[in-house]
Amino acid sequence: MESVQEHYQSMRAAIETFTPNVSMELVDEAFRYAEEKHKDQRRKDGSPYIIHPLAVAEIVAEMGLDSDAILASLLHDTIEDTDTSYDEVAKRFGVTVANLVEGVTKLTRVNFTSLEDEQMENLRKMFLAMSKDIRVILIKIADRLHNTRTMQYQTPAKQKSKSLETMEIYAPLAHRLGMQKIKWELEDTSLRYLDPIGYEDISRQLDEKEAEFDHAMVSIRERIEQRLRDSGIKFQMYGRVKHIYSIYRKMYSQNKTLDEVYDLYAYRIIVDDIADCYNVLGHIHDLYNLVPGRFKDYISTPKPNGYQSLHTTVIGSEGIPFEVQIRTAKMHHTAEYGIAAHWKYKEGISTAGGEEEFEWVRRLLENQQDSEAEDFISSLKIDMFDDEVFVFTPRGKVISLPSGSTPIDFAYAIHSEVGNHMVGAKINGRIVGYDSVLQNGDIVEIVTSKSAKGPSRDWLNLCKSNQARIKIRQWYKKERREENVATGKQSFEEELRRIGVQPSMLNREDLQPTLLKKLAYGSMDDMYAAIGYGGLTAVKAVNKIKDELLRYTKSAREPEQNHADITNINRAPKKSTSGIIVEDIANCVIKFARCCTPVPGDDIVGFITKGFGVSIHRRDCPNAAGAASPDNSGRWVKVTWASAPLETFSTSFELDCTDRDGMALDVAMVVTSMKLRCSELAARADGQGNCTVYLTVEVRDVTELNTIRTRLANIRGVRTVRRGRS
Ligand code: MN
């Protein structure tokens, strides 16, 4: 067991080598502070806990990160594991260090075990989203690297679950950040626990081969070194065996034997400048025959994550193929430490930890073209930065919500019962108002009570997600019938008065059964309740029975009838019931074109059809343009929308979506939440993970149309929303 002193010395050496500008006084202060805080804790192997932060700080120093990052590494477990507070760290070591420690702490609190694939993806996204400062991820990766190195002290169950997590989250992140050396170590160590037999098999075979070919390899190396020395090139040459996981992957995924995997043996030659890279390459190709198709010039065309090197595979004198990698020292550093190396070179000109820096990381990630990364990046681009926020339950489960969400959205995302019984909310342990906007990485806790009064109507304005809105409405529908009946009755009667009908008419016994039948409700109270909770609009309800009411008003013109009412009806503006005014033509038949389903507010034109009156198209409808040939020029007429139409207009949408459970339901919920009438809702999956949803709804005007369109587009998995049918 190594002592604290040994670890301290080793960290100090790394700092002196890689980050000589860092003040050892500060480092010592952070070290003593952390040592004191962790003094009662032990690692699984029984050693003092402080060994872990020291080792992490050493790795972070090797990466070439700065003073703040090294201090934060030493302190990275203090907030999580001891009584230390953010404020305390901020006061002693500055806000930047405290933010880094807090960032790492948040990531530490994520509970990865038993997560499904979808959650994994969320987590990878969240890692980036949360870590506004890239150093947080780098420290976290260093933390994981040290824990991986000391995995033998964990229980077998923990070894497996942690290794899986490393494979799924940390190694891909290290890869995307270009940190090859760390990625390899993470993968190899994890493979050892995930497939001990496969790992042992490969490493045994490699050992055998090494013994067998050792002599040949040494002579190859000596021959190359001799040649380079003779030509006066300054260089360093290393022998290297490829990392086990990449061989494992090639053998298992491409079904190859070890002998079929090229570049089992490789040499790396580090030189001073680019010219020498190509000089060395010339000598290698002069000494040995090259394997066709294996030469790669990553110097002129770097890999997307910034990797630069020349790769070539040649055949040695004994017929063994081996790879040679040639690069400069700077390229080598970048290959091993990736983004950390970039970070180092950028130091001093960037606003450390600021948005800019994050932006730059994002660009680097976006430049990665390999397909796996592409998926990752495209998911980042779609939802990560603008319209999604990731927060935690107190148990570390990740919940994704639309950005701008509040504790109300969170509560209903957990369960409608949690929302309905909510009496308070905490973010990161502090009590907050229901209107607080959730931030990435917040830990949100909902306080519930059996005696809660239920959601308030204000919540409808405070919540951001459709899910919460719909659940709140559902609650009102169920729990507040009396209230719904009263408010529904009130708005229904207001609407009646607006069209000039006395609400008292409804009480006539000879009329009511007809009306109820038209309305399709069992009782007037049922209908009022529907209006009250928002399932039906008063306008729509009145529209359904308007004709009956008006006819009845006219026919039963009794002496005691309020005279003003009649005048009012007669004065109603004269217009086509379609809500369209056709210039110079009175009372023509109006038909709305099915191709573009125009609604009030759309710019429209009319086309006189043969035998069917005027067909109304949107001006931008392709069919309208197609029909505009010289022959047809006389058939276009100017049309305008009649003002304030009472009617609704049928309009269609086509949605391209990811095929997932509940997609059509979510679409239906949007329609319901907007109280729109829907005449068609159909979904068709193509069996390849995509589906198209067809939707026809009735809207009043283009504003309403745009609202539903935006809401449809916000549904998870919806890629595009098109109007009309194509
Ligand atoms: Mn740790």
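First listed ligand is number 1; within each ligand, the first listed atom is number 1. Bear in mind that the values here come from a model prediction, so they are computed numbers and not experimental data.
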Note, Arg716 side chain near Arg660 side chain (heavy atom, < 4.5 Å): yes
Basic-acidic side-chain contact under 4.0 Å: Asp207, Arg204: no
The Mn ion (ligand 1) - number of protein N/O/S atoms closer than 2.8 Å: 4
Under 3.5 Å side-chain donor-acceptor pair for Ser10 and Glu58: yes
Ring pair (Phe, Tyr, Trp, His ring centres under 6.0 Å) involving Tyr33 - partner list, sequence neighbours excluded: Phe93
Expected output: side-chain His76 to main-chain Ser73 donor-acceptor under 3.5 Å: yes
Nearest non-hydrogen partners of Tyr8 and Met24, listed with the distance: OH-CE, 3.7 Å
